[in-house]
Amino acid sequence: MRSERRLGGALGALFALACAVATSAGRADEPKPQPPDPRLVARGLANYQRYCLACHGERGDGRGESASRMDPRPRDFTQGIYEWRSTPSGSLPVDGDLFRTIRRGLYGTQMPRWSALTDPQIDELVAYVEHFSPRFDSEPRGVPIAIPPPPEGGAAAVERGRQVYEAMGCASCHGPGGRGDGPSARWPGLVNDWGQPIQPTDLTTGHFERGSRPRDLYRLFMTGLDGTPMPSYFDSLAPDRAWDLAFYLESLSNR
Amino acid sequence: MRRSTWARWGGFACAAWVALAPLRARAIPAFARKYGMSCTACHEAWPKLNDQGIAFRDNGYQWGTGKDSPIRVDPAYWPLSFRSTVGYQWTSLGNQQTNQGPTTIQSGRLGYTSGELLMAGTLAHDVSFLAVLDPLPSNAGFSPAYPTPTPNSLLESLWVRLDDLLETSWINFKVGLGALDLPFDAQRSLTVFTPYSVYDYHPGGGANFMPFAMAASQFQATLEGHDSGSRTRYAVGLIQTQNDPGGALALSSPGFYGHLQHSFYPWPDAVPEIRAGLFGLAGSYPTMALYSGGAPGTPNAGPLVNPNGSFASIAPGTAFDLREYYREGADLSIYLGSLALPLNLEIAYVYGQEDPAFIANGEREALFQGGFVEADWTPRLDLTFVARWDAIRNLQQADPTQPQNLLDTDQLTGAVRYTLSFIPRAAVTLHGEVSYQHVVGAGFGGTDLDAYLCFGGVDFAF
């Protein structure tokens, strides 16, 4: 009897151990949060105060001294919501997304190109900006979407893209000619997640915040602009149709 | 010319330096208003520019994000700023000539520096401009006992720049009156009252009538270029020596200037940036002209300057006999620690050469070298400490009867700036500055001149 109990206990312990190993193996496959490096955050403070605080505010809430007079308003970093990402809608950006935004600026906004800052300075700023939102401590980063190689462009692709533009209802905001004058843009207009008025982009200017190449446009509408009414079309557009749409959008600025 | 005369002219020159010294300085809060940014975004410690400010300036005062052109800005915005410094200044000049013999003259008073109106920005996309008006007489507030302050020209700078020609940042063309692209910008120095001695040095002091000063605005047509971030930048141009009397050539008093700089980024945590540069200037200035008026039988042409040192009455536009002057050198800027709160070491070296015809009793080239070493430490965004040593050494006097070290100069300067406010509307800074200058043979009777300056006051711009 005693030996049977010992055997049962040993089997139970072995079973529990096996479950623990199996569970931890599964967790190892799950992406883990990647909070910003505390060392970089500490070094980023001085850079943030010098370059960013006047617009984005001491608490990173987009309420700097100058913010009320800006259109669009400076980003509120505390929500961890970013328009310009390479990752799927609703997910956190990767560090490279913030790095590019700081380095290149955002056309059409007051966010300048910080072209003279060194790479280490921008790394520190990225970490400091991220530390404003608890999402970076609790959620894993998004994985950049895969952008397939572009197919051949040309007039046929542009025409197919125009049809995609109509079929996906882009004109409701951006207008039939892409000038940002769709029905939704009229009064009372659109607002972002912070209740601030926002205008649909005029697609005919050729200037886009994160680049105007077809690849940039592809990434833009396949990731969406979180925090704005602009959705992601990743789940509703096949890659080939998405490329057609990108070629069409590019053609709008060439007219 | 005897040394005592040299000393008198040199002493006058140094006294003029000390007493008339309040520098023009360029900080333009209008940009902060336009873009909503803090002064600290572009100024390491205003008015001194940081790398981002240099890039902004090199880009023609543009960020390149579609908000630069005047049509994009609120109609109520005017690209207008005002800058001045008010406070108390005390000076001491040793070995000055009086009827009591050599005397140390001390004076102190409340006053202000010249107030500047600065207008800068874009006239259109990729067309930038700068205009600086100085409506107040120079040193109006800190009037010295001597020499008599000269009236200040109303217009200090006025230029237009065509930016990004052929859609490249490497080709920009600037024409007008403006500062040269100097190793370290004299108009954005952190010392308000003490200039970089070597920039405006003239071998022979008051015995040298050629007026060129490196730190002064020059008429110029300049090509400038830079890469993204202005890590590599150049300027090369044609200049017209300031205050020229007008010559018979298509361009009176022509000269050429060039400057090249490049930045390195060796060790991010210790030495995050080193910027090095080379510059050179070759200029000319006339020494003869046709005379105006005069009784029959008097010469029709002759030297620009009379034997007693006064300027002759010349017919404008007739100056000739161009003689040459040169400046060349190198600059090195080293950043230690954090670029956001830097310790910056600036080192400049200048070698100069001037034709003997510019200098009374000159028989050979006047040669000199000099420079400065400056440390600027900004431990907090609102606090900056400055320490600088300037030195000038004459290598050869134009007048062989003069001692080689005549007018050799050593200058020590310290300053502290505590900024009370730098919102995107204005900047207000408490400024304290002390300097000591020693000039060989510039005192009465050929003695050495020792000059002291202290200032405490408020430096502001809006």
Side-chain angles (χ1 to χ4, degrees), chain A residues 39-40 42-58 62-74 84 101-125 128 201-202 205-212 253, chain B residues 32-45 49-59 62-68 72 74 76-77 169 226-231 233 263-269 272-273 335 337-342 378-382 421-425:
Chain A
R39 188 181 64 91
L40 292 180
R43 292 177 63 90
L45 171 62
N47 284 294
Y48 184 85
Q49 290 175 329
R50 174 176 284 282
Y51 300 113
C52 316
L53 187 144
C55 298
H56 290 281
E58 189 174 1
R63 295 182 181 181
E65 288 172 328
S66 307
S68 62
R69 290 178 291 277
M70 291 183 173
D71 179 28
R73 295 285 184 89
W84 310 104
T101 298
I102 296 172
R103 173 67 78 204
R104 298 181 187 174
L106 293 174
Y107 192 90
T109 76
Q110 302 284 36
M111 175 65 178
R113 287 183 296 187
W114 297 101
S115 54
L117 300 190
T118 63
D119 287 356
Q121 279 184 290
I122 297 183
D123 287 336
E124 293 165 6
L125 281 171
Y128 195 82
T201 297
D202 181 347
T205 65
H207 290 294
F208 298 91
E209 282 88 336
R210 286 292 298 273
S212 54
S253 61
Chain B
R33 286 203 305 279
K34 181 178 181 181
Y35 296 104
M37 299 166 69
S38 169
C39 307
T40 59
C42 290
H43 294 276
E44 176 183 317
L49 294 176
N50 60 20
D51 287 349
Q52 192 68 21
I54 292 171
F56 176 68
R57 182 190 60 185
D58 286 351
N59 280 322
Q62 299 179 107
W63 286 122
T65 54
K67 296 275 189 176
D68 301 307
R72 302 292 179 193
D74 190 307
Y77 168 78
S169 62
H226 59 96
D227 64 356
S228 176
S230 290
R231 291 169 168 77
R233 49 193 303 280
S263 293
F264 307 86
Y265 306 93
W267 303 286
D269 294 335
E273 183 179 355
Y335 283 88
S338 163
L339 284 173
L341 298 173
T378 304
R380 296 169 25 164
L381 289 181
D382 56 2
S421 169
F422 33 49
I423 60 175
R425 284 292 183 274

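So that the names make sense, note that chain A is the first sequence line, chain B the second, and so on, each numbered from 1.
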Item to check | Exercise: identify the closest heavy-atom pair between B:Ser228 and A:Ser115 | outcome: OG-CB, 3.6 Å
Checklist outcome for this item: Most contact-rich option vs chain A, by heavy-atom pairs under 4.5 angstrom, among B:Cys42, B:Ala41, B:Cys39, B:Ser230, is B:Ala41
Checklist outcome for this item: On a heavy-atom basis, the closest approach of A:Ala54 and B:Gly36 is CB-O, 4.1 Å
Checklist entry - Hey, which of B:Ser338, B:Gly64, B:Ser38 has the most heavy atom pairs under 4.5 Å with chain A? => result B:Gly64
Checklist outcome for this item: Distance col, row B:Lys67:NZ vs A:Met111:CE, nearest 0.5 angstrom, shows 14.0 Å
Checklist entry - So which part of A:Leu106 gets closer than 4.5 Å to some heavy atom of chain B, the side chain, the backbone, both or neither? => result backbone
Next on the checklist: Determine whether a donor-acceptor pair (N or O, by modelled atom type, separation under 3.5 Å) exists between the side chain of B:Glu273 and the backbone of A:Thr118.
Outcome noted: no
Checklist outcome for this item: Applying a strict 4.5 Å limit to non-hydrogen atoms, the region of B:Tyr35 in contact with chain A is both
Checklist entry - Would the number of heavy atoms belonging to other residues, nucleotides or ligands and lying under 6.0 Å from CZ of A:Arg63 be above 12? => result no
Next on the checklist: As an exercise, state the distance from CG of B:Leu339 to CD of A:Glu124, rounded to the nearest 0.5 Å.
Outcome noted: 9.0 Å
Next on the checklist: Less than 4.5 Å to any heavy atom of chain A: does that hold for the side chain of B:Asp227, its backbone, both, or neither?
Outcome noted: neither
Item to check | Expected output: side-chain A:Arg113 to main-chain B:Trp63 donor-acceptor under 3.5 Å | outcome: yes
Checklist entry - Which region of A:Gln49, side chain (C-beta onward) or backbone (N, CA, C, O), has a non-hydrogen atom less than 4.5 Å from a non-hydrogen atom of chain B, or is it both or neither? => result both
Next on the checklist: Test of understanding: with side-chain contact (heavy atoms from CB on, under 4.5 Å), list the residues that count as partners of B:Ala32, not counting sequence neighbours.
Outcome noted: B:Pro424
Checklist entry - To the nearest 0.5 Å, what is the distance between OG1 (B:Thr40) and CG (A:Leu53)? => result 8.0 Å
Checklist entry - Has the side chain of B:Thr65 got a donor or acceptor atom that lies under 3.5 Å from a matching backbone atom of A:Tyr107? => result no
Next on the checklist: Report which part of A:Asp123 has an atom under 4.5 Å of a heavy atom belonging to chain B: side chain, backbone, both, or neither.
Outcome noted: neither
Next on the checklist: Quick check against the 3.5 Å criterion: does A:Arg50 have a side-chain atom that pairs as donor or acceptor with the backbone of B:Glu44?
Outcome noted: yes
Checklist entry - Based on non-hydrogen pairs under 4.5 Å, which of A:Trp114, A:Tyr48, A:Tyr51 is most in contact with chain B? => result A:Trp114
Next on the checklist: Testing the basics here: between A:Pro112 and B:Met37, what is the closest heavy-atom pair and its distance to 0.1 Å?
Outcome noted: CG-CE, 4.0 Å
